[in-house]
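All values below were derived from every heavy atom in this structure, side-chain atoms included, with hydrogens, water molecules and symmetry-related copies excluded. Below, chains carry the letters A, B, ... as their sequence lines are ordered, and counting in each starts from 1.
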There are 4 protein chains.
Amino acid sequence: MVTDHRKQPRRRGEALHAAIFEATLDELAEVGYAKLTMERVAERARTGKASLYRRWPSRLELVMAAVYSVLPDPADVADTGSLRGDLLALLRHTSAALDGAPGEAMRGLLSEALGDRGQAATLRENSQGAGRRMMHEVVRRAVERGEVEAGAVTPRRLDVGQAMIRQHFLFNGPPIPDTLIVEVVDEIIVPLLGCPAP
Amino acid sequence: MVTDHRKQPRRRGEALHAAIFEATLDELAEVGYAKLTMERVAERARTGKASLYRRWPSRLELVMAAVYSVLPDPADVADTGSLRGDLLALLRHTSAALDGAPGEAMRGLLSEALGDRGQAATLRENSQGAGRRMMHEVVRRAVERGEVEAGAVTPRRLDVGQAMIRQHFLFNGPPIPDTLIVEVVDEIIVPLLGCPAP
Amino acid sequence: MVTDHRKQPRRRGEALHAAIFEATLDELAEVGYAKLTMERVAERARTGKASLYRRWPSRLELVMAAVYSVLPDPADVADTGSLRGDLLALLRHTSAALDGAPGEAMRGLLSEALGDRGQAATLRENSQGAGRRMMHEVVRRAVERGEVEAGAVTPRRLDVGQAMIRQHFLFNGPPIPDTLIVEVVDEIIVPLLGCPAP
Amino acid sequence: MVTDHRKQPRRRGEALHAAIFEATLDELAEVGYAKLTMERVAERARTGKASLYRRWPSRLELVMAAVYSVLPDPADVADTGSLRGDLLALLRHTSAALDGAPGEAMRGLLSEALGDRGQAATLRENSQGAGRRMMHEVVRRAVERGEVEAGAVTPRRLDVGQAMIRQHFLFNGPPIPDTLIVEVVDEIIVPLLGCPAP
DNA sequence: TTTTAACCGAGACGGTACGTCCCGTCTTGGC
DNA sequence: GCCAAGACGGGACGTACCGTCTCGGTTAAAA
């Protein structure tokens, strides 16, 4: 319950931090990044703007921090025993991660983050990092299993799946249809890893 | 008396339209989409805000129209005589198109356009349409030439190249390194079109 | 009927003139001078702004002209046979004249007309002229009748009645209560004209 | 960073209030009520429009408040020892009050204030209130002194002087000639108070 | 336990841009 | 030619937020 204005014990540190993140993510979900304002986040978190600026110097960084705090754990990549199964699991994980605050934020942050080299790097890491590492792991296991030849693996090829998913999300919005994921795996990634790179 | 004292006859219709587009694209190049304001565009085009709003109901639509007006003509896709040559030409064309106002706009528009179903469709068409059609044509020719078997062609596979290029642009900004293009062609598209889809 | 937009024979000269005055007076009555705009008058008269500006250089002059055209004829001052009767008739005439477009206009014009010496004079003439002349005539007759001694008449004394009525109208708006008129006549004008000026 | 770089500590409350009134009165004096804009008042007071609207919901109320703050104190009415002397002093006081911001404002406010019953009442009180109270006091003293018989005093008669002065001011602008004041006293008020009301 | 300093909420502040209305001028067709 | 219609360059409106600042009150740690 958020609308109760009677005196409650004043929040500090962790509790306030969490309340602000919650308000930020709620706003993100309701109005999107473009229309998210510090004013409304503060009001929603029942705090003052100063408490936001004391912690994050800009909307961009507040949103990045809030989203980061809620990013699904890359966790151990599900090992389904087959390359195809692992790939489907992985892309579905990516798809799920995008479908919510993180996706909405990524969309909006793209144009603002570029201005700051460091922010851009953080955004990249949050958006692409886990996916890349997971893909690397999945393919490593497939090579170990003998499903894939090491010569077929290149960095670019590891990126193709995520690129297709993210691309679709950015231009079409959520949700990502599962048929897309299946097609990407069956028509693109699996065949690619089946033939040697030049 | 409040009005302007300029000498040149007042601009109307086409001439004004063009001046506004020019101002919009200049602003886009200088400050980016996020910081582009109607106020400054009007000032830069030496007109009033009303003349902007009379034509486009929002910043989003003004920018889309301005960018659309300057999109490089997909035109005839260079026919280099080989699939690989055509693909390189095509992706370099896409890369060049992104490296300027259209790219800067696409980045910023992504988060705002999604709110309006129609705007999103327009953005997709402007951003992906030409690329897809060109890719379709290039591959059609390769099939005719016998370089590629018709069974290897699927809609998803035609999208892979553009997805990789756009992806890199969005997260890393311009310019797109040519090595990326070459790798995408040699490690991904050509091999993919060399093996049948399932 | 004003709302019919179907083709009617185009108005010119007199007819257009009259239509504009009508629109002006209607606007004056509905929204008052402060909120009367050339734009709305033109629309209401189903003409273009240029046709207004071709005839009157400003809102002030349009309104003055429109009001002037409708000012009640000072006419011959009713001769009731007694000073008191004449005075009551005269002030009621003034009161009636104020209660409508002329009054509403006078109110608003006061602050704008001062800027232009000529306009101010016109406003004074339209607002006070007829009243003064009528008062002069009424008192002249009373002197002739022997009701009033010539020595009791001065320009200031002739203005008192109108000043009281106009004053009340300006600060309290219409309508002017008849008791006010009666009191002004009985407590002020008649006694004043009954004692000699110093 | 967008904010101001001024050195002096930001003004608040009283200080800002006063600065805004000063700016308002200066604008009133320079361009008049009709051309006074919130934009220029804010600029002149070196603040933002929001700080004006936070305090007064409209130009009308800002101007009324500013003028009210500077109205000469009705204070104790000068006691010159004679009715005539008191009346001259009083009307000269009124005349002086009109000849500045209060007069300029009154002129412009007349047409706008009528729309709001409350504003109209405030305007009346500010414009006529003090004058009426002072006149009441002056006449009370004259009655005490035996200069005037109580039966000669009526509310209307107490208003005549102010009405004549204000009338002249509204239609002719400042300054009010002293001969007018003298005539009003000698030809109108003094004689009136010398004969009984009916 | 009391003091005290940091932190909190609230919101005023100087400022930018918004999208709208109207200004007074100018241009275009049509009658 | 004059008319209607309305585009044009521009000024001001009243609103929403920006990022900074100031103001009391808590409230947790230091004394």
Looking at E112(D) and K35(C), is there a salt bridge between them, counting it only when a charged N and a carboxylate O are closer than 4.0 Å?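 No, K35(C) and E112(D) are not salt-bridged.
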Rounded to the nearest angstrom, tell me the gap between atom [atom1] in [X] and atom [atom2] in [N].
X      : N       : atom1 : atom2 : answer
L52(D) : dC13(F) : CG    : C1'   : 12 Å
R54(A) : dG11(E) : CZ    : C1'   : 14 Å
K49(D) : dT16(E) : NZ    : C1'   : 10 Å
H17(B) : dA7(F)  : NE2   : C1'   : 14 Å
R59(B) : dC18(E) : CZ    : P     : 8 Å
R11(B) : dG10(F) : CZ    : P     : 9 Å
R46(C) : dA4(F)  : CZ    : P     : 9 Å
E43(A) : dC18(F) : CD    : P     : 12 Å

What nucleotide, of [options], holds the atom closest to the side chain of [X]?
X      : options                   : answer
L16(D) : dG14(E), dC8(E), dG19(E)  : dG14(E)
Y53(C) : dT25(E), dG15(E), dC13(F) : dT25(E)
A50(A) : dC22(E), dC8(E), dG11(E)  : dG11(E)

Residue pair Y33(D) / L60(D), side-chain heavy-atom distance below 4.5 Å: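 Y33(D) reaches L60(D) side chain to side chain.
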Should the heavy atoms of other residues, nucleotides or ligands under 6.0 Å from CZ of R40(B) be counted, would the total exceed 12?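 No, the 6.0 Å shell around CZ holds no more than 12 heavy atoms from other groups.
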More than 12 heavy atoms of other groups within 6.0 Å of R44(D) CZ: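 Counting neighbours around CZ of R44(D), more than 12 heavy atoms of other residues, nucleotides or ligands fall under 6.0 Å, so yes.
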side-chain N/O [X] vs [N] OP1/OP2, d < 4.0 Å:
X      : N       : answer
T47(B) : dC8(F)  : no
S51(D) : dG14(E) : yes
R55(C) : dC3(F)  : yes

R117(D): what forms a side chain to side chain contact (heavy atoms under 4.5 Å, CB included) with it, not counting sequence neighbours?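 So R117(D) forms no side chain to side chain contact (heavy atoms under 4.5 Å, CB included) with any residue.
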Can you list, in residue-number order, the parts of residues 31-40 of chain D that come under 4.0 Å of DNA chain F, counting heavy atoms only?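 Result for residues 31-40 of chain D: T37(D), M38(D), E39(D), sorted by number.
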Roughly how far, to the nearest 0.5 Å, is the [atom2] atom of [Y] from the [atom1] atom of [X]?
X       : Y       : atom1 : atom2 : result
L170(A) : S111(B) : CG    : OG    : 10.5 Å
I20(A)  : L25(A)  : CD1   : CG    : 12.0 Å
E61(B)  : Y53(B)  : CD    : OH    : 11.5 Å
H17(D)  : S51(D)  : NE2   : OG    : 11.5 Å
D26(D)  : E30(D)  : CG    : CD    : 6.5 Å

Using heavy atoms to find the nearest nucleotide of DNA chain F for G48(C) and G48(B) separately, return the residue whose nucleotide is more 5′.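 The residue whose closest nucleotide sits nearer the 5' end is G48(C).
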Please list, by residue number, the residues of residues 106-117 of chain D whose heavy atoms come closer than 4.0 Å to an atom of DNA chain E; answer none if no residue qualifies.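 Nothing qualifies; none.
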